[in-house]
Structures are given as C-alpha cells and as structure tokens.
Amino acid sequence: MSYDIHYSVGRLASSYRLHYLFLLGEYAEAVFDGAVENGFDKDRIFILNDLPSYSRISEFIKSKMGADDIILVKGSHAMNLGRISELMR
C-alpha cells in the first residue's frame, strides 16, 4: 500500500511543470517509478539516499537550483526534512 501511495505522488508530480524531483527515503524508488512511467524525465530525478548528511543533501539541491527557484520540502515528520529547509536559507 505504501508503495502505491508514493507511486501516486510521482504520477502527480509528473503532471506539473517541475524542473527536478529530489527524493529521499524508503519509498523514493516508488515516487521515481510513478513519475518516470508518467512522462517525467528520469535524468531530472535524483534519489539522495546515498548522501551522508542533510548538509550534503542541501548542497546538492542548491547546486541544481537557480536564484529564483522555489523548492517544496515534503516528507514525514520523522525524517526531519525541516533541517534541509533550514540549511538552504
């Protein structure tokens, strides 16, 4: 069931004009699958599970962003993704 829900998130993401998807977590592959199978360019999706810290994750995301880009950081509270938002300010 969790795979299906995350797959649906990827499918939904593919329907918007997003430049990138940065994914982190247990079901990142499911989001990836849903996005790619519904037309999102796989070369613009990054699964960041291998990066060792939120600091490295925020640095990687910043390296892809332009000055006026907007980012949505979304995840379960347990993942503490708010830390990424703090580091990106």
Side-chain angles (χ1 to χ4, degrees):
M1 180 167 164
S2 290
Y3 178 93
D4 294 336
I5 292 168
H6 287 81
Y7 179 93
S8 296
V9 169
R11 187 177 65 228
L12 180 63
S14 71
S15 70
Y16 292 95
R17 294 181 356 196
L18 304 175
H19 292 108
Y20 297 105
L21 285 178
F22 301 100
L23 307 174
L24 181 67
E26 181 179 355
Y27 293 100
E29 291 285 342
V31 178
F32 178 94
D33 292 345
V36 171
E37 290 174 18
N38 288 280
F40 203 98
D41 180 358
K42 69 178 181 176
D43 294 329
R44 300 182 73 76
I45 303 174
F46 300 93
I47 297 177
L48 306 177
N49 290 337
D50 292 336
L51 293 178
S53 68
Y54 287 149
S55 178
R56 293 288 302 277
I57 290 168
S58 66
E59 290 170 14
F60 181 83
I61 294 171
K62 284 180 187 179
S63 75
K64 299 293 182 186
M65 293 179 63
D68 294 326
D69 289 348
I70 297 170
I71 182 171
L72 168 66
V73 178
K74 170 66 181 99
S76 69
H77 185 68
M79 290 185 68
N80 195 26
L81 295 182
R83 183 73 181 123
I84 293 173
S85 297
E86 292 169 8
L87 291 167
M88 294 190 66
R89 291 185 182 155

Side chains of Y3 and E29: donor-acceptor distance under 3.5 Å anywhere?
-> no
Determine the minimum heavy-atom distance between A35 and S14, stating which atoms define it.
-> O-CB, 3.6 Å
Check whether any side-chain heavy atom of R56 lies under 4.5 Å from a side-chain heavy atom of E59, and answer yes or no.
-> yes
Shared hydrophobic cluster for V31 and F46 (ILVMFWY, side-chain gaps under 4.5 Å) | no
Hey, does the Lys NZ or Arg CZ of R83 hover above the aromatic six-ring of Y54, less than 6.0 Å from the centre and inside 45° of the axis?
-> no
How long is the span from the NE2 atom in H19 to the CG atom in D41, to the nearest 0.5 Å?
-> 12.0 Å
Search all heavy atoms of M88 against all heavy atoms of M65 and return the closest pair with its distance.
-> CE-SD, 3.5 Å
If Ile, Leu, Val, Met, Phe, Trp and Tyr residues are connected whenever their side-chain heavy atoms lie under 4.5 Å apart, and connections chain through other members, are Y20 and V73 in the same group?
-> yes
F40 side chain near I45 side chain, heavy-atom distance below 4.5 Å = yes
Does F60 reach the side chain of L48, with side-chain heavy atoms less than 4.5 Å apart?
-> yes
Rounded to the nearest 0.5 Å, how far apart are CG of L87 and CD1 of I57?
-> 9.5 Å
CG of N49 to CD of E26, rounded to nearest 0.5 Å, is 9.5 Å
Would a hydrophobic clustering, with Ile, Leu, Val, Met, Phe, Trp and Tyr connected at side-chain separations under 4.5 Å, put L23 with L81?
-> no
Quick one: are M79 and L24 in side-chain contact, heavy atoms under 4.5 Å?
-> yes
Aromatic plane relationship, Y27 with H6 - under 30° parallel, 30 to 60° tilted, over 60° perpendicular | parallel
Can you tell if the side chain of E37 reaches within under 4.5 Å of the side chain of R11, non-hydrogen atoms only?
-> no
Would you find more than 12 non-hydrogen atoms of other residues, nucleotides or ligands less than 6.0 Å from K62 atom NZ?
-> yes
Give a yes or no on whether I71 and L21 share a hydrophobic cluster (residues Ile, Leu, Val, Met, Phe, Trp, Tyr; joining criterion: side-chain heavy atoms under 4.5 Å apart).
-> no
Could you grab the distance from atom OH of Y7 to atom CG of L12, nearest 0.5 Å is fine?
-> 12.5 Å
